[in-house]
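Worksheet for the structure shown next.
Chain identifiers are assigned alphabetically (A, B, ...) following the order of the sequence lines, protein sequences preceding nucleic acid strands; residue numbering begins at 1 within each chain.
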Protein chains: 2
Amino acid sequence: MKADKSLLSGSTTLLVLSLLSGGDKYGYQMIAELEEKSDHTFSMKEGTLYPILHTLEKSGAVESYEKEAPTGRTRKYYHITKKGLRLLGEKKEEWASFSQAVNAVLAGSAPAMA
Amino acid sequence: MKADKSLLSGSTTLLVLSLLSGGDKYGYQMIAELEEKSDHTFSMKEGTLYPILHTLEKSGAVESYEKEAPTGRTRKYYHITKKGLRLLGEKKEEWASFSQAVNAVLAGSAPAMA
DNA sequence: TGACATACCTCGAGTTCCTAGGTATAATAT
DNA sequence: ATATTATACCTAGGAACTCGAGGTATGTCA
């Protein structure tokens with residue numbers, strides 16, 4: 001992560017679920033899309049993503065299936081479930097109130113720098 | 001932390017420095033102000049705050065001094081240094097790009113819920 | 001045939017936060 | 001007077017999370 005990696009903490013699940021709400025995707029693809037959509041601010045590592053996907057699957061938030069790519073390779077696609085969509089909704093609200101709270105604290109501090 | 005505690009990661013230093021940029025403060029006071037300014041979204045724990053203050057002091061971002069309160073108790077006040085202000089500036093930029101990136105990913109996903 | 005990109009996975013180390021405990025003093029209640 | 005609560009500081013150990021580094025396997029391209 002370029003922007004202090006520790007900021008990422010806690011938002012990874014939100015980001016993954018958000019990506020999957022836009023359609024089924026496989027792991028490697030999610031990493032690339034995150035990097036692209038965030039304009040290279042995020043670069044989630046495989047060692048981070050795969051365990052998250054496995055946890056989400058165990059909890060029923062996503063489901064996986066294998067599918068052969070045009071190239072002939074087998075990819076593991078993930079699909080977000082209704083439960084996952086509910087979870088996404090909650091995480092979005094958490095993020096909204098969290099970022100709002102941070103901005104509120106920042107607003108009360110020294111004048112914003114250029 | 002009410003909003004998924006793990007979201008806090010990485011933003012604690014930013015929040016503390018931001019508070020101190022508004023004037024010298026002591027630990028207990030910072031916890032109360034954070035809770036108030038964030039409208040009870042944050043409730044930073046002592047076990048989190050004090051080690052952070054010690055680390056910031058070791059790195060020269062803040063300085064501390066003891067001062068007797070009107071009540072007669074001794075309080076340990078922290079003052080942000082020039083180095084600390086620089087650090088605050090960096091952290092603010094990190095936060096700005098991070099939150100922007102998250103919102104960019106969210107924007108590309110399912111329609112925002114109410 | 002060898003090198004590289006794709007695609008998946010796991011383990012262990014490092015970081016960060018919190019719980020739970022401790023110490024001490026001032027204010028308040030009994 | 002004494003007990004309880006609030007203030008105010010601190011630390012150690014555990015839990016959670018991310019990442020680096022490594023492993024496996026297949027497809028592409030020189």
Side-chain angles (χ1 to χ4, degrees), chain A residues 1-17 24-36 38 41-59 62 64-78 91 94 98 102, chain B residues 1-17 24-36 38 41-59 62 64-78 91 94 98 102:
Chain A
M1 216 56 40
K2 214 165 41 181
D4 191 343
K5 75 194 74 172
S6 53
L7 268 177
L8 187 65
S9 278
S11 60
T12 46
T13 299
L14 166 66
L15 293 171
V16 168
L17 288 176
D24 296 3
K25 294 181 171 50
Y26 59 98
Y28 224 68
Q29 180 185 9
M30 294 184 217
I31 289 175
E33 283 197 16
L34 264 181
E35 187 136 1
E36 183 206 340
S38 72
T41 300
F42 301 139
S43 56
M44 193 179 291
K45 301 305 180 300
E46 299 180 34
T48 303
L49 178 62
Y50 289 117
I52 286 176
L53 289 172
H54 300 158
T55 302
L56 284 175
E57 184 164 27
K58 267 178 220 148
S59 75
V62 304
S64 71
Y65 57 94
E66 309 228 322
K67 196 173 143 193
E68 194 168 342
T71 67
R73 294 189 58 113
T74 301
R75 292 169 178 163
K76 194 166 171 186
Y77 283 82
Y78 288 89
K91 293 276 179 193
E94 275 177 22
F98 171 78
V102 170
Chain B
M1 218 52 44
K2 215 164 41 180
D4 191 345
K5 74 195 76 173
S6 51
L7 268 177
L8 188 65
S9 278
S11 61
T12 47
T13 299
L14 166 65
L15 293 172
V16 168
L17 289 176
D24 296 4
K25 294 180 173 50
Y26 60 97
Y28 224 69
Q29 180 185 11
M30 295 185 217
I31 290 175
E33 283 198 15
L34 264 181
E35 188 137 359
E36 183 206 341
S38 73
T41 300
F42 301 140
S43 56
M44 194 178 290
K45 301 305 180 297
E46 300 180 33
T48 303
L49 178 62
Y50 289 116
I52 286 177
L53 288 172
H54 301 159
T55 301
L56 285 174
E57 184 164 27
K58 266 177 222 149
S59 76
V62 303
S64 70
Y65 56 95
E66 309 227 325
K67 196 173 143 193
E68 194 168 342
T71 67
R73 294 189 57 115
T74 301
R75 290 167 179 164
K76 195 165 171 186
Y77 282 83
Y78 287 89
K91 293 279 180 190
E94 275 178 20
F98 172 78
V102 171

| said: Check whether A/T48 reaches the backbone of A/M44 with its side chain - one donor and one acceptor, N or O, closer than 3.5 Å. | reply: no
Rounded to whole Å, CD of B/E66 lies from P of C/dT25 at a distance of 13 Å
Taken to the nearest whole Å, CG/A/L14 to C1'/D/dT18 is 17 Å
Note to self: I want to check one thing: is the phosphate of D/dC9, taken as OP1 and OP2, less than 4.0 Å away from some side-chain N or O of B/Y50?
What the structure shows: yes
Between A/F98 and B/F42, ring centroids under 6.0 Å:
yes
task = Give a yes/no answer on whether the side chain of A/Y26 brings an N or O atom under 4.0 Å of OP1 or OP2 in C/dA7.
result = yes
**OP:** State whether A/K45 places a side-chain N or O below 4.0 Å from either non-bridging phosphate oxygen (OP1 or OP2) of D/dA21.
**Re:** no
note: B/L53, atom CG; C/dT16, atom P; distance rounded to Å ~ 15 Å
Is there a donor-acceptor contact under 3.5 Å linking the side chains of B/S43 and B/E35?
no
Here the distance between atom P of D/dC9 and atom CZ of B/R75, to the nearest Å, is 8 Å
Atom CG of B/L49 and atom C1' of D/dT7 are separated, to the nearest Å, by 15 Å
Checking D/dC19, C/dA27, C/dT25 against the side chain of B/R73 (C-beta onward), the nearest is C/dT25
- Task: Give a yes/no on whether any side-chain N or O of A/T12 is located under 4.0 angstrom from OP1 or OP2 of D/dT18.
- Result: yes
So, the side chain of A/E66 versus the backbone of A/T74: is there a donor-acceptor pair under 3.5 Å, distance only?
no
hbond_proxy B/E46 side chain to D/dC10 base (donor-acceptor, 3.5 Å cutoff):
yes
**Request:** Ignoring backbone atoms, establish whether B/H54 has a side-chain N or O less than 4.0 Å from OP1 or OP2 of D/dC9.
**Result:** no
Between CD1 of A/I52 and P of D/dC17 the distance, given in whole Å, is 9 Å
By nearest-nucleotide position on DNA chain D, the 5'-leaning member of A/T71 and B/T71 is B/T71
- Angle class for the A/Y26/A/Y77 ring planes (parallel below 30°, perpendicular above 60°, tilted otherwise)? perpendicular
From NZ of B/K76 across to P of C/dA24 the rounded distance in Å is 16 Å
From NZ of B/K67 across to C1' of D/dA8 the rounded distance in Å is 16 Å
When B/G47 and A/Y28 are each assigned the nearest nucleotide of DNA chain C, the 5'-most assignment goes to A/Y28
